[in-house]
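Sending over a structure as structure tokens; questions will come in a sec.
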Amino acid sequence: MKILNVDQIRALDQATIQHEPIAPLNLMERAAQGFVEWFAARYPNTSPIKIFCGLGNNGGDGMAIARLLLERHYTLDIYVVRYAPRESDDFMHNHRRLKLITEQVSYIELSTDIPAIRHNEIVIDAILGSGLSRPAEGIIRSTIEAINRAPATVISVDIASGLFADKPNRPDDVIIEPDHTVTFQLPKLAFVLPRNGRYVGEWHLVNIQLNKRYIDLAPTPYYYTTPHEARLLLHKRDRFSHKGTYGHALLLVGSYGKIGAAVLASRACLRSGVGLLTVQVPRCGYSVLQTAVPEAMCRPDGHQYVLTGQSEVESPAPAEYSTVGIGPGIGKAPETLAMLRELLPTLKKPIVLDADALNLLAEHRELLDILPHNSILTPHPKEFERLTQPWADDYEKLNSLQAFAKRYRVVVILKGAFTAVATPDGEVHFNSTGNPGLSTGGTGDVLTGVLTALLAQGYDSVEAAVLGVFAHGLAGDRAADQRGPIGMVASDVIDALRWD
Ligand SMILES: NC(=O)C1=CN([C@@H]2O[C@H](COP(=O)(O)OP(=O)(O)OC[C@H]3O[C@@H](n4cnc5c(N)ncnc54)[C@H](O)[C@@H]3O)[C@@H](O)[C@H]2O)[C@H](O)CC1
Ligand SMILES: [K+]
């Protein structure tokens with residue numbers, strides 16, 4: 001699903017109006033109906049509601065929503081924040097229609113007009129929408145502050161008032177902090193950026209049949225992976241396939257005290273459909289691995305405690321495997337750095353790099369230039385910062401993510417809520433699965449195993465990254481359902497992996 005910017009959203013409105021065709025007012029009515037259906041399904045009881053409307057089309061939506069809620073017999077107090085002399089045409093029209101059925105519309109011009117809000121109330125925020133052109137000031141600011149102080153449930157129409165949809169706010173901007181945002185058809189970039197969490201709450205999409213052709217043709221680097229799209233990436237298995245069909249992966253993982261990472265990555269790799277798996281661990285990990293993961297072959301490293309790449313047993317060179325996954329638990333010993341230096345130039349196919357493999361790359365940047373193209377890197381924000389430089393805001397971070405993926409021709413998976421997958425072509429796919437329960441030791445090792453398995457099976461790197469991140473997050477969601485987000489551990493995520 002595409003994520004469009006504000007100019008494109010405006011043009012999409014116009015395209016829908018022209019080509020459907022539909023009168024602007026009817027499109028607003030459709031948006032309001034969509035909101036009200038969502039609302040009525042979630043809040044069937046008539047809790048007292050306060051709705052705050054601005055004077056533009058977001059306020060127009062609010063006026064129409066107020067009318068539709070009154071028709072459904074909700075108890076409603078309606079406020080118009082009169083911050084300017086001008087009103088949009090569709091606001092005016094809906095204001096007039098509303099006044100035909102109720103006299104109960106109040107106007108907020110001064111702070112003293114702002115009502116007290118009680119804790120059992122629901123606030124609907126329709127003050128400012130995607131038309132925000134500058135930070136909220138004056139009476140808008142005071143109203144937003146009052147709503148944020150109130151102990152009520154807050155629901156924003158389209159976007160929290162005061163939040164820019166596609167560019168950074170200043171740190172001292174005043175923005176609604178909603179529990180829910182109900183937006184129209186497509187998510188906004190602001191919704192998937194971590195620092196905006198409190199200005200978005202849970203967000204929900206309401207389909208208002210905007211022009212499909214415009215959406216299909218609109219150029220954008222930003223996408224949001226829906227379950228349907230993720231499922232389409234899944235390769236079907238042929239009845240006559242055999243284990244050779246699904247590749248032979250090599251994992252270079254673990255060091256003394258971190259053999260658990262090797263076990264987790266190996267198990268996840270096997271649970272993600274790899275044909276054969278060989279795992280190279282330092283000698284101290286040999287018995288652990290053979291016992292904990294009997295399905296994997298083990299190639300013990302020549303070193304007792306860390307990886308050096310030297311193998312004790314006769315075995316093929318890493319380049320001969322379908323792919324290599326390297327990083328979980330490896331540490332940063334000089335021998336391991338030397339292994340990376342020797343290994344990278346020999347590899348011609350995309351590989352997976354995680355954890356200390358990334359930290360070694362950050363400390364020895366010349367290695368970045370010899371990464372096999374289309375390799376997948378899986379940093380969390382701190383690791384990514386070491387690979388690049390600190391950022392002032394999420395938009396700067398996103399730019400730097402896109403630039404990095406392009407420059408080194410790699411796929412970068414920046415982990416977090418709405419994990420971002422940046423491609424060598426400059427696209428970014430935000431993931432839709434996962435929960436805070438995944439913030440626990442070992443889940444990154446699991447992801448490395450998953451991605452290594454997908455590359456070994458012949459998925460191209462972008463598909464492997466998008467699908468792998470989605471499936472990993474979904475498994476995390478299942479684990480959280482079963483164990484709760486606090487009690488779940490990385491092994492639960494492996495157990496919950498499903499590929500159908
Ligand atoms: N396709 C859709 O998503 C649809 C969206 N709808 C709704 O329309 C709004 C966008 O409406 P618009 O009139 O463009 O903007 P706003 O209501 O957000 O703002 C009104 C107006 O206010 C001025 N303004 C901006 N920032 C400030 C500020 N800080 N202080 C004072 N005034 C400000 C500016 O001139 C704006 O134009 C969208 O969010 C949806 O809710 C349609 O109803 C259906 C289709
Ligand atoms: K709003």
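Numbers here are sequence positions counted from 1. All ligand and atom numbering here is 1-based and tracks the order in the structure.
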Near the K ion (ligand 2), is there an N/O/S atom from I159 that is less than 3.4 Å away?
yes
Cation-pi, F164 ring and R134 (6.0 angstrom, 45 degrees):
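Here R134 fails the 6.0 Å and 45° test against F164.
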To the closest 0.5 Å, what do you measure between NE2 (H472) and OG1 (T378)?
9.5 Å
Between E20 and R30, does any side-chain N to carboxylate O distance fall below 4.0 Å?
yes
Using ring pair (Phe, Tyr, Trp, His ring centres under 6.0 Å) as the criterion, point out the one residue from W203, F470, F191 that pairs with Y224.
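Result: among W203, F470, F191, W203 is the only option passing the ring pair (Phe, Tyr, Trp, His ring centres under 6.0 Å) with Y224.
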For the CG atom of D500 and the CZ atom of R498, what is their distance to the nearest 0.5 Å?
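Here the interatomic distance stands at 4.0 Å.
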So that I can check it, does any N, O or S atom in G62 come closer than 3.4 Å to the K ion (ligand 2)?
no
For ligand 1, find each of its N or O atoms that sits under 3.5 Å from a protein N or O atom, and tabulate the pairs with distances to one decimal place.
residue  : atom   : partner : partner atom : Å
ligand 1 : 1 (N)  : D13     : OD1          : 2.4
ligand 1 : 13 (O) : N57     : N            : 2.9
ligand 1 : 15 (O) : G131    : N            : 3.4
ligand 1 : 17 (O) : N57     : N            : 3.2
ligand 1 : 17 (O) : N58     : N            : 2.9
ligand 1 : 18 (O) : G129    : N            : 2.6
ligand 1 : 18 (O) : G129    : O            : 3.4
ligand 1 : 18 (O) : G131    : N            : 2.9
ligand 1 : 22 (O) : Y83     : OH           : 3.2
ligand 1 : 26 (N) : S133    : N            : 3.0
ligand 1 : 26 (N) : S133    : OG           : 3.4
ligand 1 : 29 (N) : R134    : O            : 2.6
ligand 1 : 29 (N) : P135    : O            : 3.1
ligand 1 : 39 (O) : S130    : N            : 2.9
ligand 1 : 39 (O) : S130    : OG           : 3.3
ligand 1 : 39 (O) : D158    : OD2          : 2.5
ligand 1 : 41 (O) : N58     : ND2          : 2.8
ligand 1 : 41 (O) : D61     : OD2          : 2.5
ligand 1 : 43 (O) : D61     : OD1          : 2.5
ligand 1 : 43 (O) : D61     : OD2          : 3.4

Has S161 got an N/O/S atom less than 3.4 Å from the K ion (ligand 2)?
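An N, O or S atom of S161 is closer than 3.4 Å to the K ion (ligand 2), so yes.
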Looking at the K ion (ligand 2), is there an N, O or S atom belonging to A126 that lies under 3.4 Å away from it?
no
Using a strict threshold of under 4.0 Å (side-chain N to carboxylate O), is an ion pair present between D13 and R10?
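D13 and R10: not salt-bridged.
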Pair K212 + D216, salt bridge at N-O below 4.0 Å
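Salt bridge between K212 and D216, a charged N being under 4.0 Å from a carboxylate O: yes.
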If we check side chain to side chain contact (heavy atoms under 4.5 Å, CB included) with F184, which of these qualifies: L27, V157, L12?
V157
Is D113 salt-bridged to R82, cutoff N-O under 4.0 Å?
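The answer is no: the pair does not qualify as a salt bridge.
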Presence of N, O or S from D125 under 3.4 Å of the K ion (ligand 2)
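Within the cut-off used here (under 3.4 Å), D125 does place an N, O or S atom near the K ion (ligand 2).
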How many degrees, to 10°, between L128 O and V157 O as seen from the K ion (ligand 2)?
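Rounded to 10°, it measures 110°.
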